[in-house]
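Take a look at the structure set out below.
First listed ligand is number 1; within each ligand, the first listed atom is number 1.
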Amino acid sequence: MKYLITGGSGFIGSHLADRLLEQGHTVLVVDDLTTGSIENIQHLKNHARFQYVIDSVMNEPLLAELIDCVDGVFHLAAVVGVRLVVDEPIRTIQTNIHCTELVLKHAGKKGKKVLITSTSEVYGKSAQVPYSEDDALVYGPTTKSRWSYAYSKAIDEFLALAYYKTRGLPIIITRLFNTVGPRQTGHYGMVLPRFVQQALAGGPITVYGDGHQMRCFCHVTDVTRALAQLMESPDALGEIFNLGSDKETTILQLAKMVRARINPTIGIRYVAYEQAYGAGFDDMQRRQPNTAKIHKAIGFKPEFQLDQIIDDVAQHMGAGLSSHVAEAGSGAYMTGRRPLNVSAQG
Ligand code: UDP
């Protein structure tokens with residue numbers, strides 16, 4: 001099969017490209033590099049079944065042409081990270097809604113299958129955990145910009161379901177829960193790469209709030225395996241699936257695990273939410289998926305444990321760090337960051 005991955009040079013998109021190529025598919029990537037990185041697909045550039053276009057999904061004639069020449073679309077292009085959502089609400093709303101609208105419009109014209117990657121954020125701050133796909137969604141007020149992400153992704157889901165119900169377009173929706181692994185950057189606020197970066201740089205690790213909030217982390221390798229399986233599963237059409245691990249960890253436990261595995265001598269610093277995200281930020285205390293539906297559909301069960309994930313991320317970042325130091329030819333590189341992702345808009 002030939003697949004288009006929008007946002008294919010991002011963290012998850014590039015791992016999905018790896019997987020689809022391994023499975024013998026042909027892969028076409030479109031990415032405008034706003035948050036994706038050319039580094040993520042560098043190793044694929046000479047692959048005979050890989051092609052990429054550096055452009056925006058909002059370039060409609062191009063998008064129409066790309067969709068025309070594939071069998072299906074994995075739509076991953078979206079604004080990533082709470083930091084960016086809070087800082088750039090206009091871009092969040094426009095990108096998330098408009099890009100999905102265009103993908104569905106052109107896939108709809110040609111009857112091409114679309115897998116939409118949505119997010120656990122759509123559950124909002126519902127206290128009813130674990131979250132099941134049919135649960136009610138509970139959001140904060142529109143005056144708090146973080147909610148723009150949840151609302152915009154929920155609109156994407158409504159739109160995709162409407163194309164399925166009214167036009168028979170084959171669509172699948174996945175709600176991703178805290179996907180982590182190599183190539184993810186902490187630049188947009190994600191906790192695990194930030195903690196690993198901080199530990200590699202000699203600390204301290206910054207825990208927001210009291211650290212009792214919980215998340216479930218899933219390795220990107222497990223996630224991309226499921227995405228590829230769902231795309232080829234006839235039973236998945238018109239359905240929504242939670243995708244992630246259901247094993248909860250507090251953020252403080254995560255900080256301690258990262259510290260123990262990378263550098264036991266460093267400190268943990270508590271940072272107030274207002275300081276981290278600005279005044280009036282709502283954080284979710286728990287965010288755990290009910291994974292019964294995806295398990296039933298494709299037998300999904302994550303293989304990576306959290307300690308393996310931390311080691312994998314640390315190894316990848318450590319390699320980035322040492323090659324950067326080697327290139328610089330001195331010990332002057334002290335921030336502990338991997339070379340920053342190429343980002344057209346910072
Ligand atoms: N977090 C933290 N320190 C950081 C970055 C994030 O304690 O340096 C916390 C954040 O407040 C949240 C959790 O880690 O409670 C997960 O944050 P992330 O942005 O990775 O994902 P999300 O909040 O979207 O689940």
Side-chain angles (χ1 to χ4, degrees), residues 10-12 35 78-88 92 96 117-127 129-131 139-140 144-154 175-181 183-201 203-220 223 242-259 262 266-289 306 309-310 313 317 335-337:
F11 155 55
I12 302 175
T35 53
V79 169
V80 289
V82 174
R83 179 78 275 154
L84 207 56
V85 170
V86 171
D87 290 347
E88 299 193 41
T92 300
N96 287 358
T117 48
S118 183
T119 164
S120 57
E121 184 87 11
V122 295
Y123 290 104
K125 53 183 180 178
S126 166
V129 282
Y131 296 146
Y139 294 163
K144 291 188 178 174
S145 56
R146 85 150 297 153
W147 296 111
S148 63
Y149 186 54
Y151 280 102
S152 63
K153 286 298 217 175
R175 292 179 178 162
L176 306 190
F177 283 70
N178 295 85
T179 306
V180 287
R183 299 183 202 157
Q184 186 177 36
T185 167
H187 199 57
Y188 305 106
M190 277 77 162
V191 68
L192 196 136
R194 281 177 59 82
F195 282 7
V196 172
Q197 259 172 8
Q198 289 168 340
L200 287 172
I205 293 178
T206 55
V207 168
Y208 298 163
D210 62 10
H212 293 320
Q213 69 272 35
M214 292 193 259
R215 294 293 186 274
C216 303
F217 297 97
C218 192
H219 196 287
V220 66
V223 169
N242 287 338
L243 174 47
S245 161
D246 58 4
K247 192 166 181 338
E248 287 190 299
T249 310
T250 70
I251 296 304
L252 184 56
Q253 278 166 347
L254 177 71
K256 288 180 177 171
M257 270 178 96
V258 169
R259 176 170 69 175
I262 298 177
I266 60 175
I268 291 176
R269 185 163 65 90
Y270 291 91
V271 177
Y273 283 121
E274 301 77 60
Q275 205 184 324
Y277 298 114
F281 183 80
D282 275 339
D283 195 18
M284 263 64 79
Q285 284 308 295
R286 292 180 70 188
R287 182 180 262 174
Q288 183 192 31
L306 191 51
I309 299 176
I310 293 169
V313 171
M317 277 188 191
T335 66
R337 279 206 171 136

- What is the nearest protein non-hydrogen atom to atom 8 (O) of ligand 1, stated with its residue, atom name and distance? Arg194 NE, 2.7 Å
- Are Tyr208 and Asp283 close enough that a side-chain donor and a side-chain acceptor fall under 3.5 Å? no
- Message: Under the criterion side chain to side chain contact (heavy atoms under 4.5 Å, CB included), I'd like the reasoning laid out for Ile268 against Lys256: C-alpha separation, chi angles, the key distance, then a yes or no.
- Response: CA-CA 8 Å; Ile268 291 176; Lys256 288 180 177 171; 3.9 Å; yes
- Query: ligand 1 versus Val271, non-hydrogen atoms closer than 4.0 Å: side chain, backbone, both, neither?
  - Reply: neither
- What protein heavy atom sits nearest atom 21 (O) of ligand 1, and how far off is it? Asn178 ND2, 3.4 Å
- Query: Do ligand 1 and Tyr273 have nitrogen or oxygen atoms that lie under 3.5 Å from each other?
  - Reply: no
- Item | ligand 1 contact on Thr206 by region, counting heavy-atom pairs under 4.0 Å | both
- Message: Could you check whether Arg286 pairs with Glu248 (Lys NZ or Arg NE/NH1/NH2 to Asp/Glu carboxylate O, under 4.0 Å)?
- Response: yes
- Region of Met284 engaging ligand 1 - heavy atom pairs below 4.0 Å: neither
- Do you know which of Thr119, Leu84, Val86, Val80 makes side-chain contact (heavy atoms from CB on, under 4.5 Å) with Tyr149? Thr119
- Task: Go through the steps to decide whether Tyr151 and Lys153 satisfy the test side chain to side chain contact (heavy atoms under 4.5 Å, CB included), and finish with yes or no.
- Result: CA-CA 6 Å; Tyr151 280 102; Lys153 286 298 217 175; over 6 Å; no
- Which residue supplies the protein heavy atom nearest to atom 17 (O) of ligand 1, what is that atom called, and how far is it? Val191 CB, 4.0 Å
- Message: Using a 4.0 Å cut-off to any heavy atom of Gly189, which atoms of ligand 1 qualify?
- Response: 5 (C), 6 (C), 19 (O)
- Examine the proximity of ligand 1 to Tyr277 and report which part, side chain or backbone, both or neither, has a heavy atom under 4.0 Å away. side chain
- Is there at least one pair of N or O atoms, one from Arg146 and one from ligand 1, spaced under 3.5 Å apart? no
- Distance to 0.1 Å, residue and atom name: give those for the protein heavy atom nearest to atom 13 (C) of ligand 1. Ile251 CD1, 3.6 Å
- Query: Judged by modelled atom types alone, do Tyr123 and Asn242 share a side-chain donor-acceptor pair under 3.5 Å?
  - Reply: yes
- Query: Relative to the heavy atoms of Gln213, which atoms of ligand 1 are at a distance of less than 4.0 Å?
  - Reply: 9 (C), 11 (O), 15 (O)
- Closest protein heavy atom to atom 23 (O) of ligand 1, given as residue, atom name and distance to 0.1 Å: Arg215 NH2, 3.2 Å
- Query: Is the closest side-chain donor-acceptor distance between Gln213 and Thr250 under 3.5 Å?
  - Reply: no
- When Thr206, Val207, Ile205 are each screened for side-chain contact (heavy atoms from CB on, under 4.5 Å) with Arg269, the one that passes is Thr206
- Query: Can you check whether Ile266's main-chain N or O pairs, donor with acceptor, with Arg259's side chain at less than 3.5 Å?
  - Reply: yes
- Task: List the closest protein heavy-atom neighbour of atom 7 (O) of ligand 1: residue, atom name, distance to the nearest 0.1 Å.
- Result: Tyr208 N, 2.7 Å
- Mode of Asp283 contact toward ligand 1 - side chain, backbone, both, neither (heavy atoms, under 4.0 Å): side chain
- Find out whether Tyr139 and Val122 are in side-chain contact, i.e. whether some heavy atom of one side chain is under 4.5 Å from a heavy atom of the other. yes
- Item | Nearest protein heavy atom with distance in Å, relative to atom 22 (P) of ligand 1 | Arg287 NH1, 3.2 Å
- For Val207, counting its heavy atoms only, list the atoms of ligand 1 lying under 4.0 Å from any of them. 7 (O)
- Message: Between the side chains of Arg146 and Glu121, is the shortest nitrogen-to-carboxylate-oxygen separation below 4.0 Å, so that they form an ion pair?
- Response: yes
